[in-house]
Amino acid sequence: MISYGRQDITAADKEAVIEVLNSDFLTQGPAIPAFEKAVAEQVKVGHGVAFCNATAALHGAYNALGIGPKSLVWTSPLTFVATANAARMLGADVDFIDTDPRTYNLSIEALEKKLEQAGKKGRLPDLVVPVHLTGQSCDMEAIKRLGEKFGFRIVEDASHAIGGGYKDHPVGSCRHSDITIFSFHPVKIITTGEGGMAMTNDGELAFSMQLFRSHGITRDIERMEGEPDGGWYYEMLSLGFNYRMTDIQAALGASQLTRLDGYVKKRHEIAAYYDKKLADQPIILPHRESWQYSGFHLYVIGWPDGTGGRNRKQAFTDLREAGIGVNVHYMPVHLQPYYAKLGFAAGDFPSAEDYYAKAITLPLYPNLSDEELGKVVSTVKRLAAC
Ligand SMILES: *Cc1c(COP(=O)(O)O)cnc(C)c1O
């Protein structure tokens, strides 16, 4: 089976990990700040705060922005459940914004309309979380403008988009947001096994997230409320979790990061190959906005009902049976049983639901061979034709 995503681990990655294993620190050592600094430099932002995964980073980011039981967080229904769940973990209410039929990212028109209605009803969101689905950036200038007008904060869920750009700036530079989140799960663009990072230009937000990932504890004398008793002294300033990344993971991430640009370039080459080979097929190919450069985590095709005499489900099953490890990203979050119990229902976000009815993710990762790519294309063509 050709999987839809797969990590690339080199000899240099293994050496970097072994070096940490032979060192004094497996966790809370120097590899973590080194990795944070390297990612921050890569995406041109002030601070990076590493977490054990991107879900924990989202939790820490929302918490740093003051999200709590009375808050309201809006995001896209086309995301992994964690984007919405992190708000629920803090006791906040969640609502969704319908998606753009071409980019599948949250629709700016739908957002603006919903904000105007919410303003009239007197309950505006405290936080909006745009998700750069498949790696294509949302229109952040437009979202930032609305944020200023309606008074909400912004966290970018860029789990798919490290290495991508928006209007000449790297995704993660936080020019139009408070915090940006990356994921380093093995199917994502670079990996630490499990891992995530929150990027920000705001030192206070960074400090708050550092506390949150490590029990609310600081050893920084400047930050303490009392006088240190001695060299052992630390203070717990707030409630926190153990959401730390290990040095083993950070070393792997730093080694992977040196190949980020090459990985994204290769992903674009594969996407261009699919574009070209599938251009004449009766399926929907990914649209790209000209003002962004995608991280290309995913290549999603739309399978209109009846194409090749198949609906999406049959096409998916037949692709899998032919050894193509296709996937579907994502089932709209509002239709998950947990969210349905909160009152969401089918029909609430028609554009997202329409996308979901057609979506199939084709394999996309840097080490796909020409032979594998050829097999993906010929199988899609065969199924679309008969
Ligand atoms: C992968 C992913 C997450 C969660 O990342 P983890 O590192 O697995 O916790 C969150 N949001 C989106 C959009 C993702 O793709």
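Numbering of ligands and ligand atoms starts at 1, following listing order. In this chain, numbering begins with 1 at the start of the sequence shown.
Across the listed options Gly135, Pro186, Ser76, Ser183, Ser183 owns the non-hydrogen atom lying nearest to atom 8 (O) of ligand 1.
Remark: Tyr234 OH is loosely packed, at most 12 non-hydrogen atoms of other residues, nucleotides or ligands lying under 6.0 Å away.
Val377 and Phe296 fall within a single hydrophobic cluster, where Ile, Leu, Val, Met, Phe, Trp and Tyr side chains are chained together by heavy-atom contacts under 4.5 Å.
Close N/O approach between Ala54 and ligand 1 is found [any backbone or side-chain N/O within under 3.5 Å]. An N or O contact shorter than 3.5 Å links His160 to ligand 1 by distance.
Not close to ligand 1: His297, with no non-hydrogen atom less than 4.0 angstrom away. Every heavy atom of Ala57 sits 4.0 Å or more from the atoms of ligand 1.
Using cut-offs of 30° and 60° on the angle between ring planes, the pair Tyr4 and His297 is perpendicular. Taking the six-membered ring where tryptophan is involved, the planes of Phe241 and Tyr243 are essentially parallel, since the angle between them stays under 30° and well short of 60°.
The single protein non-hydrogen atom nearest to atom 4 (C) of ligand 1 is Thr55 OG1, 3.7 Å, given as residue, atom name and distance. With hydrogens left out, the protein atom closest to atom 2 (C) of ligand 1 is Lys188 NZ, 2.7 Å, a heavy atom. Nearest protein heavy-atom contact of atom 11 (N) of ligand 1 is Asp157 OD2, 2.8 Å.
A salt bridge is absent between Asp370 and Lys375: the closest approach of a Lys/Arg side-chain nitrogen to an acidic carboxylate oxygen does not fall below 4.0 angstrom. Comment: Asp305 does not engage Lys358 in a salt bridge, judged by the lack of any side-chain N to carboxylate O separation of less than 4.0 angstrom. A salt bridge links Lys265 with Glu269: the closest approach of a Lys/Arg side-chain nitrogen to an acidic carboxylate oxygen falls below 4.0 angstrom.
Within ligand 1, counting atoms from 1 as listed, the ones closer than 4.0 Å to a heavy atom of Gly195 are 7 (O). Less than 4.0 angstrom separates some heavy atom of Thr83 from each of these atoms of ligand 1: 11 (N). Using a 4.0 Å cut-off to heavy atoms of Thr79, the atoms of ligand 1 that qualify are 13 (C).
For the pair Arg312 and Tyr356, the cation-pi test (distance below 6.0 Å, angle within 45°) is passed. With Phe207 as the aromatic partner, Arg223 meets the cation-pi criteria of under 6.0 angstrom to the ring centre and within 45 degrees of the ring axis.
Looking at Phe51 against ligand 1, nothing comes within 4.0 Å, counting heavy atoms. Within the 4.0 Å heavy-atom criterion, the part of Ser159 lying near ligand 1 is the side chain and not the backbone.
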